[in-house]
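First listed ligand is number 1; within each ligand, the first listed atom is number 1. Just so you know, these numbers use all the heavy atoms, side chains as well, and skip hydrogens, waters and symmetry mates. Just so you know, residue 1 is the first one in the sequence shown, and it goes up from there.
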Amino acid sequence: MERLDAFMARANAAYYASHDPYADFTTAPEICQGFGEVLGLWAAVVWQMMGAPDPVILAEAGPGRGTLMQDALRAIARAAPSFRAALRLHLVETSPLLRRLQADRLPGAAWHDRIEQLPPGPLLLLANEFLDALPVRQFVRRGGGWTERYVQSGRFAEMPAAAPDLEAAEGEVVEVGAAARQVAAALGARLAAGGGAALVIDYGPERRAPGDSLQALRCRAPADPLAAPGEADLTAHVDFSAIAKAARAAGAAVQGPVPQGLFLARLGLPQRIDALARGQPPARAAALREAARRLTEPQAMGRLFKVLALCQGDLPEMPGFAAG
Ligand code: SAH
């Protein structure tokens, strides 16, 4: 019998070590090159707001194939060469398989297993669909008390547990993303001390309601999360209010969360895609616009996905977070 978070950590480590995850799911940077480009430009503007420290660490957590960072660096090199010269590229990635793919696209990067291992100093960090892969615990309200979910032979088992500070109706599941909170606390502490900002993009509600959001994707279709550990990608919704609280408690400031669609519109993604589409053959132009729509439209990824920034205390509102 294994506690759910231990099961999820083991299953995902095995999965990412042995699979190309993009056979099972796709992500914003794989859909649209403009996503990484505008995030790169976001980082360049925030670097200016920080006082243009040189050197500065530009990091990504869970870079997948390296697509987002490759697009970001291309845009940065063109629009902000002094930021390009000042930045040192660091990637946080545990999968040896994905590290190899990233190395092909991002020569000169340094790799780390954990965010806590990034070298000290001013930091700009991007994390798209990273926190959702981190393990969660699940508690169930039973008879006025709590049980916690374990996994035994491909099924859930429950053991009595202490779960202070949670609220739910009888029989409801409450998730606690302890690993994501720990990442937020570690980032919050170092941003408060060394300066910088971390942009977290993921799916989940602004405020966590009780419920089981654990899901598995295999070959682009939902699968039983407990059935075949290591063969499917396991994720859970990110609790943005808990992330913000953990970062604040560690001394950092927080901006957002704002829905991804609004954030990307404020960063000018639609205009950038229009500029790219101009002069392309009609089919290619239509495909570019369709890709951008997938990221921004509320019914697609525009609303469920949220953007939250953790940052040093004295930064004004960063691009994408200011209204107007
Ligand atoms: N950001 C990418 C990939 C998302 S998939 C994109 O948007 O396409 C999740 C990524 O996080 C993968 O690169 C995976 O190997 C990495 N990852 C998952 N769990 C991790 C952990 N505990 N520590 C470090 N990296 C992890």
Participant: Could you give the distance from OG (S153) to CE (M1), rounded to the nearest 0.5 Å?
Facilitator: 10.5 Å
Participant: Of all the atoms in ligand 1, which lie at a distance below 4.0 Å from a heavy atom belonging to T27?
Facilitator: 6 (C), 7 (O), 8 (O)
Participant: Return yes when atom CD of E167 has more than 12 non-hydrogen atoms of other residues, nucleotides or ligands closer than 6.0 Å, and no otherwise.
Facilitator: no
Participant: What distance separates Q260 CD from L269 CG, expressed to the nearest 0.5 Å?
Facilitator: 9.0 Å
Participant: Quick one: list whatever passes salt bridge (Lys or Arg N to Asp or Glu O under 4.0 Å) with E93, sequence neighbours left out.
Facilitator: none
Participant: Relative to the heavy atoms of Y22, which atoms of ligand 1 are at a distance of less than 4.0 Å?
Facilitator: 2 (C), 3 (C), 6 (C), 8 (O)
Participant: So which protein heavy atom does atom 2 (C) of ligand 1 come closest to, and at what separation?
Facilitator: G62 O, 3.2 Å
Participant: Compute the minimum heavy-atom distance from L68 to ligand 1 and say whether it is under 4.0 Å.
Facilitator: no
Participant: Does the ring of Y150 carry R3 above it, NZ/CZ under 6.0 angstrom from centre and within 45° of its axis?
Facilitator: no
Participant: With sequence neighbours left out, write down each residue that passes ring pair (Phe, Tyr, Trp, His ring centres under 6.0 Å) with Y203, or none if nothing qualifies.
Facilitator: H237, F305
Participant: Based purely on interatomic distance, does Q102 place a nitrogen or oxygen under 3.5 Å from a nitrogen or oxygen of ligand 1?
Facilitator: no
Participant: To the nearest 0.5 Å, tell me how far L308 CG sits from F263 CZ.
Facilitator: 10.5 Å
Participant: Hey, which atoms in ligand 1 end up nearer than 4.0 Å to a heavy atom of L134?
Facilitator: 22 (N)
Participant: If you measure from atom 16 (C) of ligand 1 to every heavy atom of R65, E93, H19, which option wins on shortest distance?
Facilitator: E93
Participant: Counting heavy atoms only, which of F35, F130, W111, Y16 comes nearest to atom 5 (S) of ligand 1?
Facilitator: Y16
Participant: Would you compute the distance between atom OG1 of T147 and atom CE of M159 and round it to the nearest 0.5 angstrom?
Facilitator: 10.0 Å
Participant: Just jot down the ligand 1 atoms closer than 4.0 angstrom to any heavy atom of P29, in number order.
Facilitator: 6 (C), 7 (O), 8 (O)
Participant: Could you tell me the residue and atom name of the protein heavy atom closest to atom 7 (O) of ligand 1, and the distance to it rounded to 0.1 Å?
Facilitator: N128 ND2, 2.8 Å
Participant: Which of the numbered atoms in ligand 1 are under 4.0 angstrom from any heavy atom belonging to E129?
Facilitator: 4 (C), 5 (S), 9 (C)
Participant: Taking the non-hydrogen atoms of N12, is any one of them nearer than 4.0 angstrom to ligand 1?
Facilitator: no
Participant: Please list, in number order, the atoms of ligand 1 under 4.0 Å from a heavy atom of T94.
Facilitator: 20 (C), 21 (C), 23 (N), 24 (C), 25 (N), 26 (C)
Participant: Does P21 come within less than 4.0 Å of ligand 1, judged by its heavy atoms?
Facilitator: no
Participant: Measure the spacing between NE2 of H90 and CG of L124 and express it to the nearest 0.5 Å.
Facilitator: 12.5 Å
